[in-house]
Amino acid sequence: MAAPKSLTDRTPPGQTLTTKWPVLHYSDVPQISRTQFELRIFGEVERPLQLSFAELEALPRVQRTSDFHCVTTWSHLDNAWEGILFRTLAERTGVKSTARHVMAHSYDGYYTNIPLESLMAEDVLVAWSHDGQPLTDEHGGPLRLVVPKLYAWKSAKWLNGLEFMVQDRRGFWEERGYHNRGEPFAEERYSYQEE
Ligand SMILES: Nc1nc2c(c(=O)[nH]1)N[C@H]1C(S)=C(S)[C@@H](COP(=O)(O)O)O[C@H]1N2
Ligand SMILES: [Mo]
């Protein structure tokens, strides 16, 4: 078995570890109950879906532990998430072969773009629980996206839409000077670094 990675190896360049879990977002915290909640899956798909929270919970659930890196330089390691693999949702909706990108949409009006390929990884999920507790409102409850291998601004809180796209479009922070891809270990922080 491979030796476990050291904390140093798990900390991307320019990041500092924190044991607290900071709360960070742009606008006010939307208060969405599980009964109000709805996830729309649309765009370049065979069967657009509109899932209630109960319908989501009925899908095969998974647990994944992963690290979280915010571009403002804090990292929070070993987050235990529970939810549904993005890949499971992609299979249910039937992604058209022309789709290459996804825009995640949130209840607060936030949106962020991610390459479809990055979302199909085994560690990407839509999560409703963190460290054994239901996600709090401030951390994105009822449901958030978790994309551990990209900076945390791609992990949309208060998720309510997944839009599959042929052409890429930039999200909220990607339009405001942040990198279109955002890989922490490559330190892809700002759009001026894009080739
Ligand atoms: N809907 C929404 N999701 C969002 C944001 C936001 O402003 N709105 N901020 C992002 C940023 S910059 C970070 S670092 C993480 C922070 O997640 P946390 O507050 O749970 O630590 O959420 C991301 N997801
Ligand atoms: Mo962030």
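Start at 1 and go down the list; that is how both ligands and their atoms are numbered. We use all heavy atoms of the structure for the numbers below, so side chains are in, but hydrogens, waters and symmetry mates are not.
If you look at Y107 next to ligand 1, there are no close heavy atoms at all, none under 4.0 Å. At a heavy-atom cutoff of 4.0 Å, ligand 1 is contacted by no atom of Y151, backbone or side chain. Heavy atoms of W74 found under 4.0 angstrom from ligand 1 belong exclusively to the side chain. Contacts of S106 with ligand 1, taken as heavy-atom pairs under 4.0 Å, involve the side chain alone.
Contact check on D123 versus R64 returns no salt bridge, with no Lys/Arg side-chain nitrogen under 4.0 Å from an Asp/Glu carboxylate oxygen. With respect to R181 and E194, no salt bridge is recorded, no charged nitrogen being found less than 4.0 Å from a carboxylate O. We find that E174 and K154 are joined by a salt bridge, their nearest charged nitrogen and carboxylate oxygen being less than 4.0 Å apart. One finds a salt bridge joining D78 and R10 here, because a Lys/Arg side-chain nitrogen approaches an Asp/Glu carboxylate oxygen to under 4.0 Å. The pair R169-E175 does not count as a salt bridge, with every side-chain nitrogen at least 4.0 angstrom from each carboxylate oxygen.
Using a 4.5 Å heavy-atom threshold, the side chains of W153 and Y110 count as touching. Put simply, the side chain of L89 reaches to within 4.5 Å of the side chain of I41, judged on heavy atoms. A 4.5 Å side-chain heavy-atom check between H139 and W21 finds at least one atom pair inside the cut-off.
Here the closest non-hydrogen pair linking V166 and H101 is O-CD2, 3.5 Å. Closest approach of L39 and L143 over heavy atoms only: CD2-CD2, 4.2 Å.
Looking at ligand 1, you'll find an N or O of L24 within less than 3.5 Å of one of its N or O atoms. Checked by distance only, ligand 1 and S27 stay at 3.5 Å or farther apart across all their nitrogen or oxygen atoms. Among the atoms of P22, some N or O lies under 3.5 angstrom from an N or O of ligand 1. Below 3.5 Å of separation, one finds no N or O of H25 facing any N or O of ligand 1. Annotation: Y26 places an N or O atom under 3.5 Å from an N or O atom of ligand 1; distance criterion only.
Contact analysis leaves H76 out of contact with ligand 1, as no non-hydrogen atom separation drops below 4.0 angstrom. A heavy-atom separation below 4.0 Å is found between S155 and ligand 1.
Short contacts between ligand 1 and A156, defined as distances under 4.0 Å to a heavy atom of the residue, involve ligand atoms 3 (N), 24 (N). Those atoms of ligand 1 that come under 4.0 Å of a heavy atom in V23, given as number and element, are 19 (O). Distances below 4.0 Å separate heavy atoms of W158 from the following atoms of ligand 1: 1 (N), 2 (C), 8 (N). Counting the atoms of ligand 1 from 1 in the order shown, those under 4.0 Å from a heavy atom of W21 are 20 (O), 21 (O).
Looking at atom 8 (N) of ligand 1, its nearest protein heavy atom turns out to be D108 OD2, 2.9 Å. Protein heavy atom closest to atom 19 (O) of ligand 1, with residue, atom name and distance, is K157 NZ, 2.5 Å. Among protein heavy atoms, atom 14 (S) of ligand 1 sits closest to C70 SG, 3.3 Å. Closest to atom 13 (C) of ligand 1, if we only count protein heavy atoms, is A152 O, 3.7 Å. Among protein heavy atoms, the minimum distance from atom 11 (C) of ligand 1 is reached at W153 CA, 3.7 Å. Looking at atom 22 (O) of ligand 1, its nearest protein heavy atom turns out to be R144 NH2, 3.4 Å.
Taking the ring centroids of H179 and W173, they lie at or beyond the 6.0 Å cut-off.
Between the side chains of E188 and Q193, no donor-acceptor pair of N or O atoms lies under 3.5 Å. A side-chain donor from one of K157 and H25 sits under 3.5 Å from a side-chain acceptor of the other.
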